[in-house]
Amino acid sequence: MSNVSTTVEKPEWPKRPLGVLLRGAGQVMFQDSPWTGLLFLAGIFWGAYAEGLGVVAWGALVGLVVSTAAGYVLKLPQENGAQGLWGFNGILVGCAFPTFMGNTIWMWLGLILCSAMSTWVRSGFNKVMAPWGINSLTFPFVFCTWVFLLAARQFSGMPPTHMSTPEIAYTIDSSINLGFCNLVVYWLKGISQVFLINCWVTGIFFLVALAVCSWRSCLWAAIASAVSLFIAIVWEGPGGSIESGLYGFSAVLTGIALGATFCRPGWKTAVWTLLGIVVTVFIQAGMNSLLYPLGLATLTGPFCVATWLMLLPQYKWFLPKQG
């Protein structure tokens, strides 16, 4: 007889499920704090309703709940659930679906499926990337959402109502209002667009939310949005995209990842983070051109690519574990 127990204990739901959900929102920007998550959700609801797109806020909430529940159903490591790591991809899925597709019952069913899918895809991608000392970041959200957005071109049940029209070439209009107040608005929108919200007030919510958990993350988010805005203006990027903060959100995530999450504090990290922020802007522009003929948004893809490229060398000032 074997002396190894064959009893399989049923995993328990992590304590304080509301805290788990709120941490899932906070983990989009690497913050393990329910208060940060709560402020993120408050900012999402404020901005979504201010834009007349309240459905985006409710999509975010549904995506967060579904992806977190999927982690429990799939019996994934509970320490991940307790830290909110089951939910952060799902909340982004929930923001993206109503942003790009028409509000139909089939869109909502697709949102639920994609949110759940992002949880197990994250688990798989992390296993593949573990030998390289990196993790999947928000790429499960990007990959799964790309699949469904492309599928929307075929299924009228979830119409690509708000997606751009696929074109081979397009004209760049770099005109932009450079007044100080306008620049502040563009800077704040670069932060709010992390959750696909085009509202400068939401950017303030997010900065406060970051400061509650980590002043370093707040600082790097502010710096990253400012640097990416500067680069996009100097290189004369598309004015409409700059004004909407669309060159800032991936850079903001890169700044927080390198400057406050995966690298030890110090001058080398500061220089490396600034370089990563600049690189992110150019990757953003390149991916915009690559995906434009498909009428597909880059989402946070530029952040993922840039951060992977900056972390793969595994220099000695990095933290030993990138997960």
Side-chain angles (χ1 to χ4, degrees), residues 23 25-33 35-37 39-40 43 83-85 88 92 134-135 137-139 183-197 200 202-234 242 245-284 299-319 321-323:
R23 281 185 167 88
Q27 286 288 3
V28 172
M29 296 196 210
F30 304 99
Q31 307 304 303
D32 184 10
S33 165
W35 295 109
T36 296
L39 286 169
F40 280 173
Q83 294 171 17
L85 298 178
F88 71 94
L92 291 173
I134 59 176
N135 68 42
L137 305 174
T138 59
F139 192 66
L183 290 174
V184 172
V185 168
Y186 308 155
W187 168 67
L188 289 170
K189 286 185 176 181
I191 300 167
S192 70
Q193 286 283 7
V194 170
F195 285 91
L196 292 86
I197 302 295
W200 66 270
T202 295
I204 297 175
F205 270 97
F206 290 175
L207 285 175
V208 173
L210 289 168
V212 166
C213 185
S214 166
W215 67 265
R216 185 172 285 109
S217 294
C218 179
L219 177 63
W220 276 113
I223 292 172
S225 188
V227 170
S228 60
L229 176 61
F230 174 78
I231 295 296
I233 291 173
V234 169
I242 294 172
L246 296 179
Y247 274 90
F249 66 95
S250 274
V252 165
L253 290 172
T254 300
I256 297 173
L258 299 178
T261 306
F262 295 129
C263 302
R264 295 184 180 90
W267 70 267
K268 289 182 180 179
T269 288
V271 172
W272 196 244
T273 303
L274 287 171
L275 181 60
I277 290 166
V278 173
V279 167
T280 303
V281 177
F282 286 94
I283 292 176
Q284 176 82 61
L299 305 175
T300 55
F303 148 65
C304 295
V305 174
T307 302
W308 290 334
L309 292 177
M310 302 306 288
L311 290 178
L312 278 170
Q314 294 292 297
Y315 293 128
K316 61 183 180 181
W317 65 85
F318 296 173
L319 294 175
K321 184 180 179 182
Q322 306 304 334

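For the single chain, residues carry numbers from 1 onward in sequence order.
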Do the side chains of [Y] and [X] get nearer than 4.5 Å, heavy atoms only?
X	Y	result
Ile233	Leu183	yes
Thr138	Cys304	yes
Phe249	Val194	yes
Trp220	Ile277	yes
Gln31	Val212	no

Check: [X] side chain, [Y] main-chain N or O, donor-acceptor pair, under 3.5 Å:
X	Y	value
Trp308	Asn135	yes
Thr280	Gly276	yes
Thr254	Thr307	no
Gln27	Gln83	yes
Ser192	Ile197	yes
Ser33	Thr36	yes

Do Phe205 and Phe40 make the cut of ring centroids closer than 6.0 angstrom? no

Indicate the atoms forming the closest heavy-atom contact of [X] with [Y], along with that distance.
X	Y	answer
Phe282	Ile231	CE1-CG2, 3.9 Å
Ile191	Gly203	CG2-O, 4.2 Å
Leu39	Ala209	CB-CB, 3.5 Å
Leu207	Cys218	O-SG, 3.4 Å
Phe88	Leu137	CE1-O, 3.4 Å
Ala251	Ser228	CB-CB, 3.7 Å

Would you compute the distance between atom [atom1] of [X] and atom [atom2] of [Y] and round it to the nearest 0.5 angstrom?
X	Y	atom1	atom2	value
Leu229	Leu188	CG	CG	10.5 Å
Leu299	Leu92	CG	CG	9.0 Å
Thr273	Ile256	OG1	CD1	11.0 Å
Lys189	Ser225	NZ	OG	12.0 Å
Leu246	Leu196	CG	CG	9.0 Å
Ser217	Leu253	OG	CG	11.0 Å

Would one find more than 12 heavy atoms of other residues, nucleotides or ligands at under 6.0 Å from atom [atom1] of [X]?
X	atom1	result
Phe230	CZ	no
Trp272	CH2	yes
Trp35	CH2	no

Anything under 3.5 Å between a donor and an acceptor, one on a side chain of residues 263-270, the other on a protein residue two or more places apart or in another chain? List them.
from   : atom 1 : to     : atom 2 : distance (Å)
Arg264 : NH1    : Lys316 : O      : 2.8
Arg264 : NH1    : Phe318 : O      : 2.7
Thr269 : OG1    : Arg264 : O      : 2.4

Derivation of the side-chain contact (heavy atoms from CB on, under 4.5 Å) call for Met29 and Phe195: CA-CA 10 Å; Met29 296 196 210; Phe195 285 91; 4.0 Å; yes

